[in-house]
Amino acid sequence: MIETDILIVGAGPVGLFTVFEAGLLKMRCHLVDALAEPGGQLTEIYPKKPIYDIPGYPTVLAGELVDKLMEQIEPFKPGFTLGERAEEIEQLENGQFILTTSRGTKIQAPVIAIAGGLGCFEPRKPPLENLDQFEDKGVDYIIRDPEKYRNKRVVVAGGGDSALDWTIFLADVAEEVMLIHRRSSFRGAPDSVEKVLELADAGRIALFTDSQAIGLRGNGKLTDVVIKHKEKGEFVQATDHFIPLFGLSPKLGPMANWGLNITKNAIEVDTFDYSTNIPGIYAIGDINTYPGKLKLILCGFHEATLMCQSAFNRVFPDKKISFKYTTVNGVNGF
Ligand SMILES: Cc1cc2nc3c(=O)[nH]c(=O)nc-3n(C[C@H](O)[C@H](O)[C@H](O)COP(=O)(O)OP(=O)(O)OC[C@H]3O[C@@H](n4cnc5c(N)ncnc54)[C@H](O)[C@@H]3O)c2cc1C
């Protein structure tokens, strides 16, 4: 049995930063994540994309931010159980929780911080008959490393931020980029839409709205996508890759059965301290919901900070917090 002060479900940016804030208050943490690497969406979905709204970093690649967070929490020696999903919790009479993972690991703690983000990742897939035959053989739902597409022909599908941002990025990397979208207008940020239209006007990408993929062809490896335009009909596009970026369908997974109050796949919290309806269980980052919620890394960091102040009273019921700036106390690791 692993014992800790705060058991963190989810090693995304918010779970990682919790270790730092908890460490300043002398609380030890153990993180559980279903993925094999820490970093959550930043590692899994967009490690090579720049982020522009982290205070103090005019720009930072998502993967670099994860590396920096890992460096920042190193003094507090967090434990990691990676590649295992948090499955079940039980509460003992003394108020402590025991969590069991998908591989039977048991972790005991007085506090659970759920930083599970979007839950377990499930990309939305287009309804194409032979799609599974080409997964990892030309069809990708997530761009892990854009270098994979250098000097390749790529068809991106989708109308949201992910499809637009990657189309813009890949225009400088791939040999040919085509963006197809089944509607005539896009859901993504207006700036990105404008940039995509400019690239299309300049002939640097091919843009087809009112169009969708209706078939995939290849022999062991993808060679063509069959595309149908609403008015002009069908055409065959030769390509090395087809990347449908239709978002991730939020699946709370096992946490949906833990007795927490849930609205639209997110855990309801009190914004005083991000506590859930179960005393001792908190929810921070993308996984929670409250009036005015914004799914941003910055907001998750704030939530983690306030949560740790409240968790302290549970971990050390006989002690009082004395609030000190890091500039005064420094960072005293374990
Ligand atoms: C393309 C893209 C661009 C973005 N750009 C920005 C940006 O510029 N600025 C910004 O602030 N935000 C941006 N975001 C949003 C940002 O990534 C999220 O707000 C952030 O990742 C939330 O962090 P988190 O730690 O709450 O959750 P996540 O990063 O989602 O991490 C949650 C982790 O929990 C794990 N998990 C879930 N359920 C379980 C379980 N049962 N057992 C074990 N592990 C579990 C998951 O595997 C995952 O690793 C972007 C998102 C995307 C997709």
Side-chain angles (χ1 to χ4, degrees), residues 7-19 30-55 57-63 65-66 69 80-89 99-103 105 107 112-124 141-144 146 158 160-169 188-189 191-192 243 245-248 250-258 260 265-267 269 274 282-289 293-304 307:
L7 164 58
I8 303 170
V9 178
V14 177
L16 294 177
F17 189 65
T18 305
V19 176
H30 190 93
L31 299 108
V32 177
D33 203 299
L35 300 174
E37 304 279 340
Q41 295 173 51
L42 284 66
T43 304
E44 191 62 15
I45 308 182
Y46 62 108
K48 299 283 167 75
K49 266 183 87 169
I51 305 176
Y52 301 103
D53 55 354
I54 302 298
Y57 283 100
T59 169
V60 60
L61 292 182
L65 180 62
V66 173
L69 285 165
F80 284 94
T81 296
L82 296 174
E84 300 185 28
R85 204 170 57 188
E87 289 287 337
E88 282 171 23
I89 48 165
L99 180 136
T100 308
T101 71
S102 47
R103 299 181 82 183
T105 306
I107 304 152
I112 295 184
I114 303 178
L118 305 174
C120 299
F121 289 94
E122 299 245 354
R124 287 199 188 91
Y141 306 110
I142 286 172
I143 298 183
R144 290 200 173 82
D161 281 318
S162 206
L164 294 168
D165 291 356
W166 278 119
T167 298
I168 296 166
F169 195 95
D191 275 5
S192 311
I243 313 174
L245 297 174
F246 298 160
L248 299 166
K251 290 253 161 36
L252 264 186
M255 289 180 289
N257 310 319
W258 290 0
L260 298 160
N265 278 310
I267 302 170
V269 288
Y274 303 96
Y282 298 81
I284 49 178
D286 279 12
I287 196 109
N288 73 13
T289 180
K293 170 71 184 176
L294 272 184
K295 289 187 180 179
L296 284 177
I297 299 165
L298 167 80
C299 300
F301 289 169
H302 164 80
E303 294 164 12
M307 180 229 107

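In listed order, ligands and their atoms are each counted from 1.
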Check ligand 1 against [X] and write out every atom of the ligand that is under 4.0 Å from a heavy-atom position of the residue.
| X | value |
| --- | --- |
| Leu42 | 17 (O), 21 (O) |
| Ile51 | 7 (C), 8 (O), 9 (N) |
| Gly285 | 26 (O) |
| Arg85 | 40 (C), 41 (N), 42 (N), 43 (C) |
| Leu118 | 30 (O) |
| Asp53 | 7 (C), 8 (O), 9 (N), 10 (C), 11 (O) |
| Gly10 | 33 (C), 34 (O), 35 (C) |
| Met255 | 38 (N) |

Write out the residue and atom name of the closest protein heavy atom to [atom], then the distance separating them to 0.1 Å.
| atom | answer |
| --- | --- |
| atom 46 (C) of ligand 1 | Asp33 OD1, 3.5 Å |
| atom 29 (O) of ligand 1 | Gln41 N, 3.0 Å |
| atom 37 (C) of ligand 1 | Gly116 O, 3.1 Å |
| atom 10 (C) of ligand 1 | Leu296 CD2, 3.5 Å |
| atom 19 (O) of ligand 1 | Asp286 OD1, 2.8 Å |
| atom 41 (N) of ligand 1 | Ala86 O, 3.3 Å |
| atom 52 (C) of ligand 1 | Tyr46 CE2, 3.5 Å |
| atom 27 (O) of ligand 1 | Gly117 CA, 3.2 Å |

Trace of the side-chain contact (heavy atoms from CB on, under 4.5 Å) decision for Ile143 with Phe169
CA-CA 11 Å; Ile143 298 183; Phe169 195 95; over 6 Å; no
Would you kindly specify which portion of [X] sits under 4.0 Å from ligand 1, judged on non-hydrogen atoms: side chain, backbone, both or neither?
| X | result |
| --- | --- |
| Ile297 | both |
| Asp161 | neither |
| Lys295 | backbone |

Any donor-acceptor pair under 3.5 Å from [X] side chain to [Y] backbone:
| X | Y | value |
| --- | --- | --- |
| Lys293 | Gly285 | yes |
| Asp165 | Ser192 | no |
| Arg124 | Phe246 | yes |

Pairwise side-chain contact, [X] with [Y], heavy-atom cut-off 4.5 Å (strictly under):
| X | Y | answer |
| --- | --- | --- |
| Ile287 | Leu252 | yes |
| Glu303 | Asn288 | yes |
| Leu31 | Leu16 | yes |
| Ile243 | Trp166 | no |
| Leu298 | Asp53 | no |

Report the member of Ile287, Ile284, Val14 with the shortest heavy-atom distance to atom 24 (P) of ligand 1.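 Answer by nearest heavy atom: Val14.
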Filtering Ala34, Gly40, Ala11 for the heavy atom nearest atom 45 (C) of ligand 1 leaves Ala34
Consider ligand 1: state whether an atom of it lies below 4.0 angstrom from any non-hydrogen atom of [X].
| X | answer |
| --- | --- |
| Ala115 | yes |
| Pro13 | yes |
| Glu84 | yes |

Residue pair Pro254 / Arg85: nearest heavy atoms and the distance that separates them: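 Distance-wise, the nearest heavy atoms are CG-NE, 3.7 Å.
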task: Can you see which heavy atom on Glu87 is nearest to which on Thr101, and at what distance?
output: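 Smallest interatomic distance, heavy atoms only, reads CG-C, 3.8 Å.
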Quiz prompt | Verdict with reasoning, Tyr282 to Val269, per side-chain contact (heavy atoms from CB on, under 4.5 Å) | solution = CA-CA 7 Å; Tyr282 298 81; Val269 288; over 6 Å; no
Parallel, tilted or perpendicular, as decided by the 30° and 60° cut-offs, for the rings of Phe17 and Phe301
tilted
Return a table of donor-acceptor pairs under 3.5 angstrom between the side chains of residues 33-47 and protein atoms on other chains or two or more places apart.
from	atom 1	to	atom 2	distance (Å)
Asp33	OD1	Leu35	N	2.8
Asp33	OD2	Ala11	N	2.7
Gln41	NE2	Asp286	OD2	2.9
Thr43	OG1	Pro38	O	2.7
Glu44	OE2	Arg144	NH2	2.7

